[in-house]
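The shown structure was predicted, so the numbers you read here are calculated from the model rather than taken from an experiment. In what follows, every chain begins at residue 1, and chains take the letters A, B, ... in the order their sequences are listed.
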Amino acid sequence: MNSSHRHQRGVAVVIGSGSVKCAAALGLVNVLNRAGIAIDMLVGCSAGCLYATMLASGRTTAEAAEMTKQLWTSTITDQHNRRAWLKAAFPRLFGFDARFGLRDDRLVMERLNAAFGDSRIEAMGTPLFLTATDFANGNQAVFSSGRAVDAIRASIAVPFLFSPWPIDGHLYIDGYMSDPLPVGVAMREGAEVIVAMGFDSPYQEHISNAGRFAFQVSAILSNNLLKSQFAFHGLAHHAEIIPIIPEFKQRIRMFDTEKIPYIIEEGERAAEAQLPYLSRLLDAQAAVAASGTA
Amino acid sequence: MEIELRLSGGITVVGIRGSVDGLTADDLMRTLSARVSEGAVRLVADCSALDYTSSAGLRSLLGAVKLARQHGGDLRLAAIQPPVLRVLDLSGFTGILKYYPDVEAAVVSFAEPA
């Protein structure tokens with residue numbers, strides 16, 4: 001049987017938050033491509049939005065890897081937002097408000113605009129869903145239409161670092177704050193088989209400043225949220241969620257783009273381990289579907 | 001997936017080999033439910049040869065645990081391999097299931113006061 005037309009139905013791919021580690025999703029997609037397994041929908045959260053959008057727009061995994069190197073460098077957080085520091089120190093004098101972020105986001109916006117321009121989510125070749133978190137109430141927000149750049153910017157609005165992002169009169173922050181691995185979106189959209197690539201937030205080796213302290217707190221919250229949400233969705237879903245959790249033996253920091261080949265390799269390795277089962281599952285589903293239509 | 005049943009010190013040891021997933025989870029649940037119905041409510045799942053569990057597999061394991069506990073017993077896991085342990089941990093199962101490094105420790109645990 002030819003694998004390229006073996007599977008009648010495809011899978012939903014969910015790419016969780018994980019900064020540059022999300023590039024492992026490119027390894028997953030390489031494995032799916034080689035096996036002839038189609039992707040029916042893509043869901044992205046935080047940096048996972050970058051990859052979900054690149055892939056949904058038809059870019060190859062090699063192109064997406066290359067784009068990451070242009071987009072995701074430490075220089076995007078180099079510029080301090082001096083007014084934000086003043087607002088934090090003298091809130092009344094400088095008018096502290098909800099659009100607080102300690103880093104200037106002009107460079108990241110410039111790069112997102114260069115990469116995606118005015119591309120719209122609803123116009124992507126593969127159905128795309130990008131998640132963020134409503135800053136007013138903590139609810140998960142799912143963007144299935146609108147400018148991709150806005151949804152991505154909202155979803156990577158790491159609290160304290162980048163300011164919440166306004167879309168249609170609401171402010172949004174990083175998607176990981178509501179669900180670091182949003183498989184629930186794929187469930188809601190009717191996916192039967194969900195391949196979910198998620199990542200633990202790394203804990204700090206040394207807590208030597210307030211920033212690291214904040215990242216440690218955030219990692220604890222995020223990792224516990226990941227577990228609880230994944231447990232709930234795993235038990236609630238009637239079909240299958242196949243978790244693919246790459247194991248990185250090297251420490252990957254937020255902007256380690258030089259490690260992308262290694263990250264992709266680990267993504268491939270983790271996906272290859274689940275491929276035999278995924279193929280059997282899709283074959284079984286295809287057989288059931290064929291018997292139903294025979 | 002292959003299931004092998006044996007008795008050890010009055011405890012039913014369920015050896016699970018292969019993958020517990022959407023294609024096999026019902027078989028596992030049926031086997032475990034049947035044992036519990038027959039009164040074998042203290043069970044140990046020998047996971048040394050279990051190489052994968054998906055969300056469907058987790059649901060069947062949880063169902064079996066609930067059933068065994070409802071009948072006054074328990075299903076405890078033993079010798080979980082690292083890839084499976086990662087999925088159990090990610091799913092929060094390590095917080096609600098008892099698991100042990102090997103079958104012997106899991107069997108002995110039933111003799112310990114709760």
* Structure fact -> Heavy-atom closest pair (A:I245 atom, B:R86 atom, distance to 0.1 Å) is O-NH1, 2.8 Å

* To do: Pull out the residues in residues 47-56 of chain B that come under 4.5 Å of chain A, heavy atom to heavy atom, sorted by number.
  => B:Y52, B:S54, B:S55, B:A56

* Asked: Tell me, do A:E247 and B:P82 make a side-chain contact under 4.5 Å, heavy atoms counted?
  -> no

* To do: Can you establish whether the number of heavy atoms outside A:Y203 located under 6.0 Å from its atom OH is more than 12?
  => yes

* **B:Q81 atom CD: more than 12 heavy-atom contacts under 6.0 Å** => yes

* To do: With chain B as the partner chain, list the residues of residues 222-235 of chain A whose heavy atoms fall under 4.5 Å from it, by residue number, and write 'none' if nothing qualifies.
  => A:L226, A:K227, A:F230, A:A231, A:G234, A:L235

* Quick one: which residues of residues 59-70 of chain B reach chain A at under 4.5 angstrom, heavy atoms only? -> B:R59, B:L62

* **Spacing of B:D21 atom CG and A:L281 atom CG [to the nearest 0.5 Å]** => 7.0 Å

* Does atom CD of A:Q140 have more than 12 heavy-atom neighbours from other groups under 6.0 Å away? -> yes

* Structure fact -> By side chain to side chain contact (heavy atoms under 4.5 Å, CB included), A:P127 pairs with (sequence neighbours left out) A:M41, A:F129

